[in-house]
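For reference, positions follow the sequence shown, starting with 1.
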Amino acid sequence: MKTVTMGRTGLKVSEICLGTMTFGVQCDEATSFRIMDRAFDGGVTFFDTADVYPLPHSYATVGRTEEIVGRWLRERRRRDDIVLATKGHDPMSPRPTDRGNSRKHLTAALDASLRRLGTDYVDLYQVHRWDPETPIDETLRAMDDFIRAGKVRYAGCSNFKAWQLAKSLWVSDRLGIARFDCIQPRYNLLHREADDELLPLCRAEGVGVIAYNPLAGGFLSGKYRKGQEPGEGTRFTLGKAGEIYRQRYWEDAQFEVVETLRTLFERRGQSLATAAVAWVLRQPGITSAIVGASRPEQLDATLAATTFTFDDETLAACDAAWFRIPRRIHAQ
């Protein structure tokens, strides 16, 4: 497992980041602990969570994932070993002030996350998505204050368009305050919109890129088949989140691409899941890829991506996959 520098910062993170949004619904606490143990034993020292987790979103369960991660950090005494990232933005209650990127909400959200995680700081605090109702300078000034107070080491964002990140960087530069030093975009073999503007911007400005969904919610594992319904408890059946994932990937053209790739790698005795994560990691400007699991053994394939090698045929097939899918407006 390589350790890489995040963007232009001095922060060192593992090239695989453990995503935790399955903890608390798709898998119970004991299983979540085993997943974190397996990841850490495999060299993963970068964990990502969010206050709104687990999926599917419910006011009855928000915060549960952070609590599980916090108990693992405490019981395993691993806080100093882990680069810990969390996020705020999404609604935590029906109250209109309990969501978004306002100073009011982010201040309360960060303090609540720290309590659940059982720590007095997080290494990386990210806004989960753009907030059109809050001026970006308000959000960035709040982030700057969090850093000055010692509650946050670095600030980041997730799901921003290139223009939104560019505007944020300009505001930080103009005001002389903390900036977003990393971004989390959805990025995989079947979804490469970030190639057009976002990744070139990040490379030019030294912004780290933590790619989420490198397996397309498990779609790139090759376990789903056209004409068959997904099994209960998978990413594609989890309430509103399941609907979003089906809109993203559940179409004939993408099934056909995945089947072609699965067959190609199986002929070589290789795993498509491993190759899919490895392909993301080799793209210019990618800092780390977020992988999740609902069972510890699922990490065997994804952690193997760090030592995976392509031949000319398999690399060309992976590079071409995105261009075989008809263009449409993809769901976020």
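Counting only residues at least two apart or in different chains, side-chain hydrogen bond (donor to acceptor under 3.5 Å, both in side chains) contacts with residues 3-25 comprise T20-T49. Among pairs with a residue in residues 197-219, none fulfils salt bridge (charged side-chain N to carboxylate O under 4.0 Å, His left out), at least two apart in sequence or across chains. For residues 167-180, the salt bridge (charged side-chain N to carboxylate O under 4.0 Å, His left out) pairs, not counting sequence neighbours, are R179-D181. Among pairs with a residue in residues 18-30, those fulfilling salt bridge (charged side-chain N to carboxylate O under 4.0 Å, His left out) read E29-R71, at least two apart in sequence or across chains. Listed by first then second residue, pairs satisfying salt bridge (charged side-chain N to carboxylate O under 4.0 Å, His left out) with a partner in residues 84-100 read D48-K87, D90-R129, R95-D98, not counting sequence neighbours.
The aromatic rings of H128 and Y53 stand perpendicular to each other, their planes meeting at an angle above 60°, with 30° marking the opposite boundary. Ring geometry for Y249 versus Y245: interplanar angle of 30 to 60°, hence tilted.
The line from CG of L215 to NZ of K223 is 9.5 Å long, rounded to the nearest 0.5 Å. Note: I136 CD1 to W170 CH2 = 12.0 Å, rounded to the nearest 0.5 Å. In this structure, S288 OG and Q184 CD are separated by 9.5 Å, a value rounded to the nearest 0.5 Å. Taken from OG1 in T119 to CG in D123, the straight-line distance is 8.0 Å, to the nearest 0.5 Å. For the atom pair CD1 of I183 and SG of C157, the computed distance is 4.0 Å after rounding to the nearest 0.5 Å. Considering CZ of R116 and CD of E67, their distance stands at 6.5 Å, rounded to 0.5 Å.
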Item to check | Step-by-step side-chain contact (heavy atoms from CB on, under 4.5 Å) determination, W322 to L190 | outcome: CA-CA 5 Å; W322 165 245; L190 306 176; 5.6 Å; no
Next on the checklist: Run D37 and W72 through side-chain contact (heavy atoms from CB on, under 4.5 Å) and show every step you take.
Outcome noted: CA-CA 9 Å; D37 288 339; W72 182 88; 2.8 Å; yes
Next on the checklist: Go through it in stages, so that I can follow the logic: the residues are F47 and F40, the test is ring-ring contact (aromatic ring centres under 6.0 Å, His included), and I'd like the CA-CA distance, side-chain angles, deciding distance and then a yes or no.
Outcome noted: CA-CA 9 Å; F47 287 11; F40 184 79; 7.5 Å; no
Next on the checklist: W250 vs Y224, test: ring-ring contact (aromatic ring centres under 6.0 Å, His included). Steps then yes/no.
Outcome noted: CA-CA 10 Å; W250 211 264; Y224 299 108; 5.5 Å; yes
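Remark: the backbone N or O of F310 is not paired with any side-chain donor or acceptor of T314 at under 3.5 angstrom. Within the 3.5 Å criterion, the main-chain N or O of M21 finds no donor-acceptor partner in the side chain of T65. Judged by distance alone, the side chain of S113 and the main-chain N or O of A109 form a donor-acceptor pair under 3.5 Å.
Under a hydrophobic-cluster definition in which Ile, Leu, Val, Met, Phe, Trp and Tyr are linked whenever side-chain heavy atoms come within less than 4.5 Å, directly or via other members, Y121 and L124 are assigned to different clusters. Under the 4.5 Å side-chain heavy-atom criterion for ILVMFWY residues, no single connected hydrophobic cluster contains both V25 and M36.
For the residue pair N188 / Y212, no side-chain donor-acceptor distance below 3.5 Å is found, with atom types taken as modelled. Side-chain contact check for T86 and E66: at least one donor-acceptor pair (N or O, by modelled atom type) lies under 3.5 Å.
When the options V122, V152, D120 are evaluated for a side chain to side chain contact (heavy atoms under 4.5 Å, CB included) with L114, the one that passes is V122.
For the pair R64 and F23, the cation does not sit on the ring face, since its NZ or CZ is not both under 6.0 Å from the ring centre and inside 45° of the axis.
Comment: E243 does not engage R246 in a salt bridge, judged by the lack of any side-chain N to carboxylate O separation of less than 4.0 angstrom. At a threshold of 4.0 Å, the pair R268-E313 counts as salt-bridged, since one of the basic side-chain nitrogens sits closer than that to a carboxylate oxygen. The residues R148 and D144 are annotated as salt-bridged, a charged nitrogen and a carboxylate oxygen being separated by less than 4.0 angstrom.
Counting heavy atoms from C-beta on, the side chains of L281 and I16 come closer than 4.5 Å.
The local environment of CG in D311 is crowded, with over 12 non-hydrogen atoms from other residues, nucleotides or ligands closer than 6.0 Å. Environment of CD in E75: crowded, with over 12 heavy atoms of neighbouring residues, nucleotides or ligands closer than 6.0 Å.
Partners of R295 by side chain to side chain donor-acceptor pair (under 3.5 Å), not counting sequence neighbours, listed by chain and number: E297.
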